[in-house]
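Structure first, commentary second.
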Amino acid sequence: MDFSFTEEQQMLKDSVDRFVQNEYDFDARQKLAATDPGYSEAHWQTFAELGWLGITFAESVGGYGGSAVDSAIILEAFGRGLVLEPFLASVVLGGNLLARAGSAEQQAACLPQVIEGQKKLALAYFEPEARYELSHVTTRAEFVDGGYLITGRKGVVLHGATADWLIVSARTAGGPRDVAGVSLFLVDAATAGVETRPYRMVDGLMGAELGLSRVRVGSDALIGELDLGLEVLEWALDYGIAGVCAEAVGCMDRLQELTLEYMKTRQQFGVALGSFQVVQHRMAEMFMACEQARSLAYMAAVKVDSAPQERRRALSAAKVYIGQAGRLLGQESVQLHGGIGCTDELNVPHYFKRLTAINAWFGDESYHLGRFAGTE
Amino acid sequence: MELNFTAEDQAFRAEVRDFIEANYPIELKRKVEAGLELGKDDYVRWQKILHAKGWIAPKWPVEFGGTGWSPTQRYIFEEELTAASTPRIIPFGLAMLGPVLMEYGSKSQQARYLPDILSSDTWWAQGYSEPGAGSDLASLKTRAEPQGDHYLVNGSKIWTTYGHYADWIFCLVRTSQEEKKQKGISFLLIDMNDPGISVAPIITADGKHVVNQVFFEDVRVPKENLVGEEGAGWTIAKFLLGHERTNIAGVAASKRQVLRIKEIAGREQSGGRSLLQDQRYRDKLSQLEIELLALEYTNLRVLSAEAAGQQIGPEASLLKVKGTEVQQRITELLVEAVGYYALPYDLDALRFGWQEREPIGPDYAAVLAPHYFDWRKSSIYGGSNEIQKNIISKAVLGL
């Protein structure tokens with residue numbers, strides 16, 4: 001039983017923390033968020049040079065053979081800075097899925113370029129009426145002339161418009177909500193019939209609606225086994241959950257620091273706000289929620305590689321808890337800041353927004369409460 | 001980061017489990033599992049079994065009769081004891097006074113008291129709270145006036161758990177009036193058989209007699225019964241408050257109770273299926289299980305830091321607050337599980353079970369509501385949860 005980081009992990013953490021500290025002050029972040037791609041290509045190259053984009057991949061494809069704990073370390077630090085670059089989309093979701101289920105050819109063609117920061121991946125799995133049910137897939141892939149024609153719609157694709165390749169779930173058999181019959185395809189975003197409609201999301205990150213109209217791919221675009229894509233998709237999204245849990249802990253940590261500092265300096269009634277017990281107890285609640293969230297984020301990062309039922313149970317528990325803790329930290333930080341906490345110019349509400357978005361990703365509290373109970 | 005127990009730890013767990021299996025009396029086990037009242041003989045019987053094995057005081061240094069186990073082993077030991085529904089080990093002598101005597105007691109005090117604590121031949125009680133000193137413990141008024149070779153003790157202690165069983169009581173008493181009220185407090189050992197001591201029972205909301213009020217009227221206590229210096233009582237009390245840590249969260253006991261909820265809710269019917277199948281009940285249970293998981297992993301983090309040699313500080317306050325919140329939620333869900341049959345109130349059934357009588361409702365139902373009412377105490381005792389939040393805000397947050 002050991003919760004400590006290895007020496008390498010400690011170095012990684014120091015290095016990402018330093019980057020966030022130096023390059024990601026709030027004003028710079030807000031300027032970046034307002035630019036066209038919504039993040040910095042230069043930063044992305046830095047990530048590649050520092051090896052962060054390859055941290056979890058096998059050495060055979062140019063990675064460093066790390067684990068979900070390593071990507072959690074990176075994302076926790078990113079959370080503190082509200083980092084905008086598509087690490088979650090390209091590395092944690094897309095990259096890991098391809099590394100787990102992709103053919104040797106697919107991996108060789110894509111992963112080295114992803115790791116070097118030349119190309120990006122995005123994962124397009126959600127459909128407008130699916131809510132959190134992964135088996136709800138109406139996008140169809142028809143087998144025609146030795147390849148597939150994919151037609152359908154995907155919603156809220158994280159960094160979907162800046163990806164070079166899209167991993168798309170599509171139905172190859174069965175009805176709209178059947179578990180079997182869903183397959184995953186690797187689609188070049190430049191293929192004819194792919195249409196993206198990019199937009200900014202509430203937390204400043206970029207999303208896209210994706211239209212697929214008779215998009216032609218070869219048979220070699222199939223990722224993993226035909227009709228059995230759901231299992232690997234669920235695994236990848238659990239990897240995403242471990243990632244956002246770590247990121248949320250970074251957000252909560254920072255919110256707590258900011259609020260604590262404000263409570264020590266903001267004077268009302270002639271004294272610091274933090275001298276009031278009503279404030280102290282609320283800060284103590286925030287501290288406890290944040291620490292317990294951290295415990296479960298560690299658990300999530302370690303358990304993401306365990307057997308399916310154990311993994312689902314652990315990841316759902318973490319996601320529920322972090323959704324709730326994130327809401328507590330977000331709302332309380334705004335409340336304790338008072339009027340200024342409701343303004344766009346202050347960083348505090350932006351952490352609140354990111355935490356709110358994180359709750360919605362990959363299944364919210366209600367969804368995961370149900371999945372948790374189902375793992376008995 | 002390695003969140004699994006090592007092979008050695010697993011082997012240790014098996015050893016503990018086998019020992020309990022072979023030595024835990026079945027009639028005791030039945031009582032604990034049914035949530036019935038345990039008496040002095042029950043506790044002492046089990047403690048003597050552990051003592052005979054040399055396992056009664058895992059936290060004590062080996063030279064005093066401890067086991068020399070690592071924090072992880074102690075944690076596993078506690079988990080296994082709880083999972084097997086053994087009676088709790090009464091903490092007053094073993095977990096509280098023992099460590100105090102080792103740290104602050106004289107050699108002769110150690111020689112005189114420690115062996116009987118270890119063998120459970122002396123039952124100790126704790127004399128801290130007073131009618132006028134609850135969360136504000138330092139305002140305590142029980143006086144011990146120095147008179148030659150003894151103190152004359154006058155005053156009263158309250159909420160004295162098992163005071164009616166106790167042979168001895170360790171007390172915080174006021175030996176002098178100081179400007180800073182913490183300064184005039186001393187730590188005194190008092191023989192419960194001394195003239196001038198009387199014990200009055202307090203019946204708690206569950207109908208049970210566990211706690212008492214103890215009265216001291218001109219009780220003569222030899223000066224050799226003072227632990228540490230005169231006026232060092234507050235320092236000792238703080239040491240003691242911080243001592244019992246690893247089990248403060250009560251994770252193992254709560255895990256055991258969650259299994260009990262599942263057993264009971266699995267048997268209760270709602271709308272033609274088991275209550276466990278009822279979505280609204282199930283969501284509450286899942287939420288509770290997740291809170292418990294968060295507590296468990298936080299506890300393990302603290303344990304891991306402790307095993308790495310780090311000093312454990314105000315984290316204990318977090319474990320106390322969250323631990324008792326989980327425990328109280330468990331008692332609520334148990335009451336909810338049995339619906340109407342939470343209502344019949346039969347004191348004999350609470351104490352002895354239904355025995356030969358036909359139970360009123362399911363045989364597991366009678367104890368649940370009294371337990372719920374009683375367990376409100378958990379967020380009050382040991383430094384109320386509000387006091388714990390004060391500690392966090394001062395010691396961790398610097399407010």
Side-chain angles (χ1 to χ4, degrees), chain A residues 1-6 9 67-69 72-73 256 259-260 263-264 272-277 279-289 291-303 306 313-314 316-322 324-325 365-366 368-376, chain B residues 1-6 9 70-73 75-76 262 266 276-277 279 281-287 289-308 310 314-315 317-322 325 385-399:
Chain A
M1 190 62 55
D2 175 17
F3 283 78
S4 60
F5 295 139
T6 63
Q9 287 172 335
S67 69
V69 174
I73 288 170
Q256 202 187 182
T259 308
L260 190 56
M263 292 302 98
K264 287 177 179 173
L273 277 179
S275 66
F276 294 106
Q277 197 175 45
V279 169
Q280 292 173 357
H281 283 197
R282 292 170 80 156
M283 292 297 304
E285 288 288 353
M286 288 164 68
F287 165 78
M288 292 190 286
E291 284 310 310
Q292 299 228 94
R294 190 190 314 279
S295 306
L296 289 185
Y298 289 157
M299 178 193 74
V302 170
K303 297 260 178 179
S306 51
R313 188 170 176 79
S316 284
K319 190 65 170 52
V320 169
Y321 195 90
I322 273 151
Q324 294 168 346
E365 284 162 64
S366 302
H368 281 288
L369 214 48
R371 193 176 76 148
F372 178 84
T375 58
E376 284 276 307
Chain B
M1 203 166 289
E2 174 53 64
L3 304 191
N4 293 312
F5 288 104
T6 64
D9 291 337
S70 68
T72 308
Q73 286 177 310
Y75 181 83
I76 290 170
K262 288 182 179 172
L276 219 44
Q277 250 47 66
Q279 203 56 55
Y281 188 82
R282 186 68 211 209
D283 281 350
K284 293 181 194 175
L285 179 56
S286 295
Q287 181 70 47
E289 288 186 86
I290 291 167
E291 301 278 345
L292 178 53
L293 212 47
L295 180 70
E296 180 182 8
Y297 274 83
T298 305
N299 200 23
L300 290 172
R301 268 174 66 207
V302 172
L303 187 74
S304 151
E306 204 184 1
Q310 288 172 37
E315 293 86 346
S317 294
L318 185 166
L319 297 177
K320 202 268 171 173
V321 172
K322 291 293 163 188
E325 284 177 2
N385 286 14
E386 286 72 22
I387 292 289
Q388 304 300 336
K389 287 178 197 172
N390 288 350
I391 293 173
I392 290 171
S393 81
K394 283 184 180 55
V396 184
L397 305 176
L399 288 171

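So that the names make sense, note that chain A is the first sequence line, chain B the second, and so on, each numbered from 1.
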Less than 4.5 Å apart, side chain to side chain, heavy atoms only: is that true for A/Q324 and B/I290?
no
What salt bridge (charged side-chain N to carboxylate O under 4.0 Å, His left out) pairs are there with at least one residue in residues 386-396 of chain B, not counting sequence neighbours?
A/E285-B/K389
Of all heavy-atom pairs linking A/S295 and B/A294, the shortest is CB-O, 4.1 Å
Under a 3.5 Å cutoff, is there a donor and acceptor pairing between the side chains of B/N390 and A/Q280?
no
Please look at B/L295 and chain A and tell me whether the side chain, the backbone, both or neither of the residue comes under 4.5 angstrom of a heavy atom of that chain.
both
Flag, side chain of B/R301 to backbone of A/Y298, donor-acceptor distance under 3.5 Å
no
Quick check: do B/S393 and A/M283 have side-chain heavy atoms less than 4.5 Å from each other?
no
Partner chain A: residue of B/T72, B/V396, B/L285 with the largest heavy-atom pair count (under 4.5 Å)
B/V396
What residues, two or more places apart in sequence or in another chain, satisfy side-chain hydrogen bond (donor to acceptor under 3.5 Å, both in side chains) together with B/Q277?
B/S274
Counting heavy-atom pairs under 4.5 Å to chain A, which of B/K262, B/Q287, B/Q279 comes out on top?
B/Q287
Greatest number of heavy atom pairs closer than 4.5 Å to chain A - which of B/D283, B/L276, B/I392, B/L399:
B/L399
I need the B/T6 OG1 to A/D2 CG distance, nearest 0.5 Å.
11.5 Å
